[in-house]
Amino acid sequence: MGQLAAFIILSVVTLVSAVVVVASQNIVRSALSLIPTLLGIAGVYILLQAEYVAGIQVLIYAGAITVLILFVIMLTEHGTGARFRQVNEQVLPGTIAVAVLAALLMAVFFGTAWPRAAGTLPQYTATSIGTTFLTSAILVFIVTSFVLLVALMGAIVIARRER
Amino acid sequence: MLLVDWLYVGVFLVVGLAMAALPLAVVWALAPRLAQPQKRTTYESGVVPFGQAWAQFNVRYYLFSLVFVIFDVEVIYLYPWSIVFRQYGRYAFFVMLIFVGILLLGLIHAWRKGALEWT
Amino acid sequence: MTLGLTHFLVLSTLLFCLGLFAMLTRRNAVAILMGVELMLNAANINLVAFNKYVAPGALNGQVFALVVITLAACEAGVGLALVMSAYRNLETVHVDEINVMKW
Amino acid sequence: MRELAWLIPVLPLVACALIFAFGPRLPGRGAYVAIAGIGLAALLSIGIFVEGLGGAKAHELNVRWVPYGQTALDLGLRVDNLTTVMLLVVTIVGSMIFVYSVGYMHDDPRFSRFFAYLSLFAASMLLLVLANNLLFLYAGWELVGLCSYLLIGFYFEKPSAARASMKAFVTTRVGDLFMFLGILLVFFTLGTFRFEEIFAKVHAGALEGMMVGGLPLLTVVAVLLFGGAIGKSAQVPLHTWLPDAMEGPTPVSALIHAATMVAAGVYMVARTYLLFFESPGHGALTVVAWIGAVTALMAATIAVVQDDIKRVLAYSTISQLGYMMLGLGMLGYAAGMFHLMTHAFFKALLFLGAGSVIHAMHTNDIKAMGGLARAMPSTYWTFLIGTLALAGVPPFAGFWSKDEILLEAFHHHRGLYAMALAAAFLTAFYMFRVIFYTFAGTTRSHHAHPHESPAVMTRPLWVLAVFSAGIGLVGAPFLGNPFHHYLHFEGLKAPAFSWGVALAGVGASGAGIAAAAAVYHWKVVPSGALRRAAGPLFTLVAHKYYFDELYAAAVVRPTLAVARALRTFDVYVIDLIVNLFGFAGLGLARLYRVFDLYVVDGAVNLLGWIAQTAGGVLRYVQTGRAQNYLLAIALGVIVLLAAGLFR
């Protein structure tokens, strides 16, 4: 019961701030309201017994990526961007499409009888994640380093001012 | 997980908020107030501000934050690794050596491209 | 009524659709990227939720969520670099004005 | 040493290749290389010959060339006593002529090329001699024909030389055709080209009783092969090319058209003698003998009336080749080959002497010469020795070989013997006619200043003169006729020496000399009176028995007429048809052009227009805005989801 209450509170926080992110005319406000959204999702992870993922969510998303987005906003648009039209002419078809998609996805989720495999989640997920990375997910582990390398180099090449 | 477990979080939350609020409250209670328009301007090292507050930043800021983000992400992998490191010994050491080595190439690239120079 | 998988699925669906709406309608490229982040987070909620309710034996869902976060960070870094590059060259971040490739 | 026989043709070939590649940059503008090539070949040949005197066995060298069914075509060489004799003749006479050519051709702009040709000829001739099978022999045969063509036409700026080379080539081809048929016949009946196997099979009676067109097959084969010899050795009726071949440089005439190549026909008959010998009733040999006798007599008569010194010698050569054939045909295997050898030496000597004279006088006409004996003593004496040898005066070489042939003829056929004797008389007559015209008396040409030729030319003359004088002794009966012991045909025995026949031969020669002296030196009988007395006979001989006219009428003119008729047919019928087709094609093309312009191009343009219009319409779909595309993707996802849900 308490968990449900916590879930509802977190969902409301997440969705309301997400709506602000999507709908705000002020781009800075959008970026800032991304933070409660991501924090709310971190709470949802805790509800799902994924403490480590929750911590990373706070660290990377709420911390680093949001800062990056704010940087870019400050580097590009003069001011909050409020004097520009923020939406394009696709609002109506987009709304309809999104609504229909949401309805269809709900139908799928409600209409499916999800199976349940045996076993329980471990007590300390970080330990298990470390074991997974070093054993079955070793390839992911190494390839990820390549992805990061390529992203870093590519971003530097793209962002640097051409001389 | 019981609701009681959240009590610790609640206690920390309250204490943290109190730690932030208390100095402000003390200042609000004790400091004299003098209404002057200058006080409402943005503080810029004592200099009278000019121009807009939304100034264009230099690209360097972005590059620094980018490098920061990438190496921040490294933590995702470093932390679980450090927990199980003892268990796997030399194998884990070499795996991480490869991981860090590859990322080091990125750092070298950033350095060679001058992304780490401030001036 | 106890907390079940469906709750999380509904939350992720709504979040995903909000992100998609942002992608479809916002003109600002940064806003579109924020929409992408919302959609990725919706996917991550699904991954972690399915991990708990469908296959709790292993932590593959959480591991994958971590990888997605990594990729999201990379995506944000490169995407924002592209936005800045476009702004420098075209003086705009509005994607409907970036039409160099248009007929 | 016989294992090294393959080097003999290779050495001149290498010299030839070197001269062709480097030309005048070689020592002596290529001449020394050529002389070195033939000289080394000569040394090798002498070595092999000496080995043969010691009784060395016949040696064969075979290299598998082309597998052909169950048998194979081999590249093979054969060294036996017959081969060594020919090798000796070709290389020794050849090297003398090579040396002589250095002086004779000295001022020629194509000096190097001349030696390249000569070397190529030597290589081909030696190949022909060494071949151990008919195919290889035929290859050498055709190669010497090619060299003959190239060398007769060496002064190709002269139209007569060009025509003569063509005539020689085409005429010999006629004979070669028969020879080729004979070779094919041998191969298809016996299944091999190799002499050894052919002889073994023929000896075993493989062809006995087989008939072709009512004639025994073996006779047909032998006569067909003899056809090649008729062409190559200028026997009647294919002799007409040889006098014209005198258009070539004189050393060429000496080497190719006197000493070696024309003797190839005789050699070939000797090589395949068994085929002739085994033909029923010696039928093929009879043909050979008659052709030889007729040739000997006819050519000798023509030689009497020629004024060109080289042509006299050319007809003399034909006549002597006829002699050799006669000898072979009269079962004188060794006699024919003996005469071939002696003739090679003294006829080469005569030609080179004639060349020396021409070199000095710049004319070929013996009536314009005279009194050269004092001006050119070396040439005179050597020429005289050659003449005596040719005339058959003992003890010079010609006497011994001619005597053997006369002896064989006397024993087998009196009619042929008489013809041979007459030819001997005529030979002495016309040769001394040349001597008297050229060397005796005083010079008749006033603007010529004759002088002796350089040493490089006279020395070979002397060498050849020594050979001409002495080589006959190897066949002398009172020495036991060593030549006959060295070279003889299994089953044939030379008839014993007969004083009567020998005296008759010497008498004929002496009579010839005396007659010539009477007419041309003492002028007892003026030559004009003699000419008138002979009357129609003289006309006949002066026109060379009308052979050229006969060929012109029988072969050349009909061919030309047919060619003209065909040309007319070509111009008016074929061309008309071709033009008709052309016009029809043109008309069709015009039609097609219209079709192309309005139908094909129309269709193509229509397609293009459709593509353009469709593109113009569809391009509005490509907005260049990612969000439109994203919406489309979202709609697609919706459609797929709905389809999945409500199927």
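Throughout, protein chains are lettered first and strands after them, A, B, ... in sequence-line order, and every chain is numbered starting at 1. What's counted below: heavy atoms across the whole structure, side chains too, no hydrogens, waters or symmetry copies.
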Under 4.5 Å from a heavy atom of chain C, the part of [X] involved:
X      : value
A:V19  : both
A:S11  : both
A:S24  : backbone
A:A31  : both
A:I60  : side chain
A:L68  : both
A:P93  : neither
A:F133 : side chain

So which of [options] has the largest heavy-atom pair count under 4.5 angstrom toward chain A?
options                    : result
C:V67, C:L82, C:L66, C:L20 : C:L66
C:A22, C:G57, C:C17        : C:C17
C:M34, C:M23, C:M84        : C:M34
C:A55, C:G19, C:A58, C:A72 : C:A72
C:V78, C:T70, C:V54        : C:V54

Whether [X] side chain and [Y] backbone form a donor-acceptor pair below 3.5 Å:
X     : Y     : value
A:Q90 : C:T25 : no
C:S12 : C:L9  : yes
C:N41 : C:E37 : yes
C:N51 : C:Q62 : yes
C:R26 : A:V22 : yes

Answer with side chain, backbone, both or neither: which region of [X] has an atom nearer than 4.5 Å to a non-hydrogen atom of chain A?
X     : result
C:L59 : side chain
C:V48 : both
C:A29 : neither
C:L33 : neither
C:L15 : both
C:L38 : side chain
C:L5  : side chain
C:N60 : side chain

Tell me, out of [options], who's got the most heavy-atom pairs with chain C below 4.5 Å.
options                       : value
A:Y61, A:F141, A:F110         : A:Y61
A:T95, A:V140, A:T66, A:L10   : A:T95
A:A97, A:P115, A:G154, A:A64  : A:P115
A:I8, A:V98, A:T131, A:I56    : A:V98
A:I69, A:I156, A:L101, A:T112 : A:I69

Roughly how far apart are A:I65 CD1 and C:L40 CG, rounded to 0.5 Å?
->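 CG of C:L40 is found 8.5 Å from CD1 of A:I65.
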Between OG1 on residue A:T120 and NZ on residue C:K52, distance to nearest 0.5 Å =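 A:T120 atom OG1 to C:K52 atom NZ measures 11.5 Å (nearest 0.5 Å).
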Residue pair A:P122 / A:S128: nearest heavy atoms and the distance that separates them =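 So the minimum-distance heavy-atom pair works out to CG-OG, 3.3 Å.
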Which heavy atom in A:V147 sits nearest to a heavy atom in C:C74, and how many Å separate them?
->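 Result for this residue pair: CG1-SG, 4.0 Å.
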For residues C:F50 and C:F8, establish whether the separation of their ring centroids is below 6.0 Å.
->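 Not under 6.0 Å, so no.
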For atom CZ of A:F7, decide whether the heavy atoms of other residues, nucleotides or ligands shown that lie under 6.0 angstrom number more than 12.
->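 Yes.
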Going through the distances and angles, do A:S30 and A:V20 end up as a side chain to side chain contact (heavy atoms under 4.5 Å, CB included)?
-> CA-CA 6 Å; A:S30 283; A:V20 173; 5.9 Å; no
Is A:M153 close to A:I158 at the side-chain level, that is, under 4.5 Å between some pair of heavy atoms?
->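 Not touching, per the 4.5 Å side-chain cut-off.
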N/O donor-acceptor pairs under 3.5 Å from side chains in residues 34-48 of chain A, not counting sequence neighbours:
{"residue": "A:T37", "atom": "OG1", "partner": "A:S17", "partner atom": "OG", "Å": "2.9"}
{"residue": "A:T37", "atom": "OG1", "partner": "A:A18", "partner atom": "N", "Å": "3.4"}
{"residue": "A:T37", "atom": "OG1", "partner": "A:S33", "partner atom": "O", "Å": "2.9"}

Side chains of A:E51 and A:T125: donor-acceptor distance under 3.5 Å anywhere?
->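 Yes.
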